[in-house]
2 protein chains.
Amino acid sequence: MPKVGMEPIRRQQLIKATMAAIDEVGLADVTVARIARHAGVSAGIISHYFGGKDGLLEATMRQILTDLGDAVAANRQELRHDTPRARLEAIIEGNFDRSQVTDPVAKTWLAFWASSMHKPRLARLQQINDRRLYSNLCAQFRCLMPLDEARLASRTLAAVIDGLWLRGALTPEGLHADGARRVALATLDRLLSTSDRPLSTSDAVTTAS
Amino acid sequence: MPKVGMEPIRRQQLIKATMAAIDEVGLADVTVARIARHAGVSAGIISHYFGGKDGLLEATMRQILTDLGDAVAANRQELRHDTPRARLEAIIEGNFDRSQVTDPVAKTWLAFWASSMHKPRLARLQQINDRRLYSNLCAQFRCLMPLDEARLASRTLAAVIDGLWLRGALTPEGLHADGARRVALATLDRLLSTSDRPLSTSDAVTTAS
DNA sequence: TTTTATTAATTGAACGTTCAATAAAAAAAT
DNA sequence: ATTTTTTTATTGAACGTTCAATTAATAAAA
């Protein structure tokens, strides 16, 4: 079996196996033996290619976030009418495309999100991603409304997107991408259509928190 | 030391210690020894009162969800103007009151949410809670708009609330309750103010997903 | 034959649970 | 009012298991 140039193949194979294993038993019960079995290799190979279990987990999270970023970027380049609104819609589409919105990906994503609360290396990856989403949203909203409103709109849409993922990951039937996308797009529609009406009391925003 | 009637005291003490321990090192690295040390008791006592580690974790999640339900109910009974809108605002206030919106609670909540993906007993608790929130929201929205719109509005607001908790649990500065509440209330405002305007394309909802 | 890829066996640490012993408090008996 | 018995609360050490990492051996490719 040993052939030269196996490294990229094995890495990809093991990352995919990690997601499958997390989907199957959850991050808490994932062992290197189980991941290796999924990939059809021995456990020792994980230390060889990733330096250990933690290295593989980090690589898996990085892969998910990279795929997400790619999906957003891809959707954005397919735009014909390049308006701010179209760009916002593309961001939403990208976020519910996430390469493929499968159960393993959604569950792994949430598992890592929770895990990153106490693992600085994962937290850093997560934060970079969060900030990118927020900045992207804010840059577009700012073309259409004052800064304060744009910030509020960005926080709202970001919360909706993450909330839909969160709920989708837990629901027994899995994340229904079409339904989620519809909710997010409807939210965007409301955020844009109310930007020129007078603010009611609960809209008042004095400073960013 | 042994006094009679310690059970309710110890149970409360251990549940609180569990949240503190999860806040400190995360659910993955929580050991019975660490929880016991936080509570100032020995490790064996956990099995005695909760039947084991899992029993304590389940009791802790149940406590958080109970506190949340109580907070919502309390906010609702303090209402003077009992309009559907006021009730929706009370639900939001309750969800960002959650007895006390502390860091340990937010982190424990998210940790359990992730964990419940693969623990049926926890998933059941979570689902009961989810459905209660959704039903409460939907019942109020239905007073103000057609059923289809009410369902969409409920899904949106539920996603915003959970998304804000999710993001708050991860952010290094912790969950800022005031800022989160403001976002949620602004979302509610938009959901209500657009209910009588014509729907744009992305608002169209044919069937529930 | 040297290098690369991989395995299988092993190690050592960490963990949850169990359980016998103990100590205080309460109840009963003297 | 003492003493004895019983109940309740708690400890801490021992046990068995599980797991990640390491190591030495193996086998194919270059």
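Numbers restart at 1 for each chain; the letters A, B, ... are given by sequence-line order, proteins then strands.
Rounded to an integer number of Å, the gap from A:Arg11 CZ to C:dA5 P is 13 Å. In this structure, B:His48 atom NE2 and C:dA21 atom P are separated by 17 Å, rounded to whole Å. Between B:Met6 atom CE and C:dA26 atom C1' there is a gap of 16 Å when expressed in whole angstrom units. Computed from coordinates, the B:Ile35 CD1 to D:dT11 P distance equals 15 Å when rounded to whole Å. Between A:Tyr49 atom OH and C:dA5 atom P the separation is 5 Å, expressed in whole Å. Going from atom CZ of A:Arg37 over to atom P of C:dT6 covers 19 Å, rounded to whole Å. Taking atom CD1 of residue B:Ile45 and atom P of nucleotide D:dA9, one finds them 9 Å apart after rounding to whole Å. Rounded to whole Å, the distance from CD1 on A:Ile9 to P on C:dT4 is 17 Å.
When side chains are defined from C-beta on, A:Leu157 counts as touching A:Ile92, because their heavy atoms get closer than 4.5 Å. Using a 4.5 Å cut-off on side-chain heavy atoms (C-beta onward), A:Val41 and A:Leu14 make contact.
If you check residues 16-28 of chain B against DNA chain D, you find no residue with a heavy atom closer than 4.0 Å.
For residues 50-64 of chain A, every residue pair satisfying the side chain to side chain donor-acceptor pair (under 3.5 Å) rule, not counting sequence neighbours, is listed here: A:Gln12-A:Gln63, A:Glu58-A:Arg62, A:Glu58-A:Arg121. Sequence neighbours left out, the pairs with a member in residues 24-37 of chain A that pass salt bridge (charged side-chain N to carboxylate O under 4.0 Å, His left out) are A:Glu24-A:Arg34. Sorted by first and then second residue, the salt bridge (charged side-chain N to carboxylate O under 4.0 Å, His left out) pairs involving residues 123-135 of chain A (not counting sequence neighbours) are A:Asp130-B:Arg167. Every pair passing salt bridge (charged side-chain N to carboxylate O under 4.0 Å, His left out) that includes a residue from residues 100-115 of chain B is listed here, sequence neighbours excluded: B:Asp23-B:Lys107, B:Asp103-B:Lys107.
Shown here are the side-chain hydrogen bond (donor to acceptor under 3.5 Å, both in side chains) partners of B:Thr83, two or more places apart in sequence or in another chain: there are none. With sequence neighbours left out, the ring pair (Phe, Tyr, Trp, His ring centres under 6.0 Å) criterion links B:Trp109 to B:Trp113, B:Trp165. Applying the salt bridge (Lys or Arg N to Asp or Glu O under 4.0 Å) rule to A:Arg87 yields the partners A:Asp82; only residues at least two apart in sequence or on another chain are considered.
For D:dA24, the paired base is C:dT7 (Watson-Crick or G-U wobble, both distances below 3.5 Å).
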Heavy atoms under 4.0 Å is the rule here; annotate nucleotides 15-21 of chain D 5' to 3' with B where the base is hit, S where only the sugar-phosphate is, and - elsewhere. ----SSS
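Among the atoms of the strands shown, none is found under 4.0 Å from any heavy atom of A:Phe50.
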